[in-house]
Amino acid sequence: MDSIRFDKTNETVRLADISEAPPKGVDRNEAKKELEALGDELFDLQDLLWGARMNSVLIVLQGRDTAGKDGVIKHVAGFLNPRGVSVTSFGVPTEVEREHDFLWRIHRDTPRKGEFSIFNRSHYEDVLVVRVHELVPESLWKERFGHIRDFEELLVEHGTIVLKFFLHISREEQEQRLIEREKEPRKAWKINAGDWEDREHWDDYTVAYEEALSRTATKRAPWTIVPADSKWYRNLVVARAVVEALRPYREVWQKRLDEVGVRKKAELEAWRKAR
């Protein structure tokens, strides 16, 4: 199985039972070809999305440090026309952001119709980091699961296609990638002592992620668990999931554009006759 999807609230999630590696027998060269084909299709679907202006797309990327959120943005979002894409990385809240509810800063960066928004980390940090490091009371972060479900349902009601990905990396692979950052001069700028410190909370984060995934998975805002130990396979799985989610909209988007085309031609003809 290339990935696992959760779309039922409170369904049990056990990350230890889900492989971080590609399934046996997957050919890397074939995967590359498929990714390129998916990229062409994704670009075409984006063009329809942009023109029809009936929907928008929100892609949420969550995962432990080094799981590859930036890599997915580079290799999957790289197929998209930058004109209709925004990428937001959510870090520690600013003083102004802390003076509002936790979703205030998130809502500002959700996509307009016709556009993609990609979140590198997101509102889920407010049920993950704050929980593991005890930054807010348990009574507060537990209430946020319901707020998140309602928030994402609101977005869906207004035409946003919500796609959430947890990049599932093993502890061993993460360690290797952190060490590589220290050895590679061009990656040294990414070194962060906090990444190593968070490894000491690995089990705590596992529990936090499992509950967050379980409590916020819904039919219209599902979670996809992506094996992330192999970068090339991780990118393929995300691209495939995004394209499969958008394909059902192709016909209705094309129909809208055909209708617009007929109207535009009529307007042009009327203009010519009036001259």
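Numbering of residues begins at 1 and proceeds along the displayed sequence.
- With a 4.5 Å cut-off on side-chain heavy atoms, Leu58 and Leu155 count as touching.
- Phe6 places a side-chain heavy atom less than 4.5 Å from the side chain of Ile225.
- Rounding to the nearest 0.5 Å gives a distance of 7.5 Å between CG of Asp40 and CZ of Phe79.
- In summary, the aromatic rings of His123 and Phe102 are positioned with their centroids too far apart to meet the 6.0 Å limit.
- Aromatic ring centroids of Tyr209 and Trp223 lie 6.0 Å or more apart.
- The aromatic rings of Phe119 and Phe90 sit perpendicular to each other, their planes meeting at more than 60°, with 30° as the lower class boundary.
- For Arg177 and Glu173, the salt-bridge test passes: some basic side-chain N is under 4.0 Å from an acidic carboxylate O.
- Side-chain contact, Asp70 with Asn120: a donor N or O sits under 3.5 Å from an acceptor N or O.
- In this structure the side chain of Phe165 never reaches within 4.5 angstrom of the side chain of Val72, judged on heavy atoms.
- Contact check for His75 versus Lys231: no side-chain heavy atoms found under the 4.5 Å cut-off.
- Between the side chain of Arg98 and the backbone N or O of Pro93, at least one donor-acceptor pair lies under 3.5 Å.
- Summarising the geometry of Ala228 relative to Ala67, their closest heavy-atom pair is CB-O, 3.7 Å, with the distance given to 0.1 Å.
- The side-chain heavy atoms of His168 and Pro227, taken from C-beta on, include no pair separated by under 4.5 Å.
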Quiz item: Step by step, would you call Glu99 with Trp104 a side-chain contact (heavy atoms from CB on, under 4.5 Å)?
Solution: CA-CA 10 Å; Glu99 292 173 349; Trp104 178 77; over 6 Å; no
Practice problem: Check the pair Trp50 / Lys113 against side-chain contact (heavy atoms from CB on, under 4.5 Å), numbers first and verdict last. | Solution: CA-CA 8 Å; Trp50 174 268; Lys113 288 187 176 180; over 6 Å; no
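- You'll find the side chain of Leu246 stays beyond 4.5 Å of the side chain of Leu49, heavy atoms only.
- The nearest pair of heavy atoms linking Ala239 to Leu35 is CB-CD1, 3.6 Å.
- Side-chain contact, His158 with Asn55: no donor N or O sits under 3.5 Å from an acceptor N or O.
- Aromatic ring pairs are classed by plane angle as parallel below 30°, tilted from 30° to 60° and perpendicular above 60°; the pair His201 and Tyr205 is perpendicular.
- A cation-pi arrangement, defined by a distance under 6.0 Å to the six-membered ring centre and an angle within 45 degrees of its axis, is absent between Arg234 and Trp232.
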Exercise. Dump the intermediate steps for salt bridge (charged side-chain N to carboxylate O under 4.0 Å, His left out) on Arg121 and Asp65, then the final yes or no.
Key: CA-CA 10 Å; Arg121 299 188 186 275; Asp65 297 314; 2.7 Å; yes
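- Of the options Arg28, Lys32, Lys33, a salt bridge (charged side-chain N to carboxylate O under 4.0 Å, His left out) to Glu30 is made by Lys33 and by none of the others.
- Between Glu157 and Arg220 there is a salt bridge, since at least one side-chain N of the basic residue sits less than 4.0 Å from a carboxylate O of the acidic one.
- Using a 4.5 Å heavy-atom threshold, the side chains of Thr110 and Thr160 count as separate.
- Defined by atom type and a distance below 3.5 Å, a donor-acceptor pair is missing between the side-chain atoms of Glu153 and Thr218.
- Trp202 carries Arg64 over the face of its six-membered ring, with the cationic atom under 6.0 Å from the centre and within 45° of the normal.
- The pair Arg108-Glu97 meets the salt-bridge criterion, with a side-chain N (NZ, NE, NH1 or NH2) lying under 4.0 Å from an Asp/Glu carboxylate O.
- With a 4.5 Å cut-off on side-chain heavy atoms, Val26 and Tyr233 count as touching.
- Ion pairing of Arg83 with Glu115 is absent here, as no side-chain N (NZ or NE/NH1/NH2) approaches a carboxylate O to less than 4.0 Å.
- Of the charged side-chain nitrogens involved, none lies within less than 4.0 Å of a carboxylate oxygen, so that Arg14 and Glu210 do not count as a salt-bridged pair.
- Under 4.0 Å is where a charged nitrogen must lie from a carboxylate oxygen, and between Asp7 and Arg5 at least one such pair does.
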Self-check item: Chi angles and distances behind the side-chain contact (heavy atoms from CB on, under 4.5 Å) call for Arg144, Leu140
Solution: CA-CA 7 Å; Arg144 290 176 175 173; Leu140 180 57; 3.7 Å; yes
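- Note: the hydrophobic cluster containing Val13 also contains Val162 (ILVMFWY, side chain heavy atoms under 4.5 Å, direct or indirect links).
- Note that the CG atom of Asp229 and the CG atom of Leu167 stand 11.0 Å from one another [nearest 0.5 Å].
- Salt-bridge formation is detected for the pair Arg131/Glu211: a Lys NZ or Arg NE/NH1/NH2 atom is positioned less than 4.0 Å from an Asp or Glu carboxylate oxygen.
- Note that CZ of Arg171 and CZ of Arg199 are 5.5 Å apart. Values are rounded to the nearest 0.5 Å.
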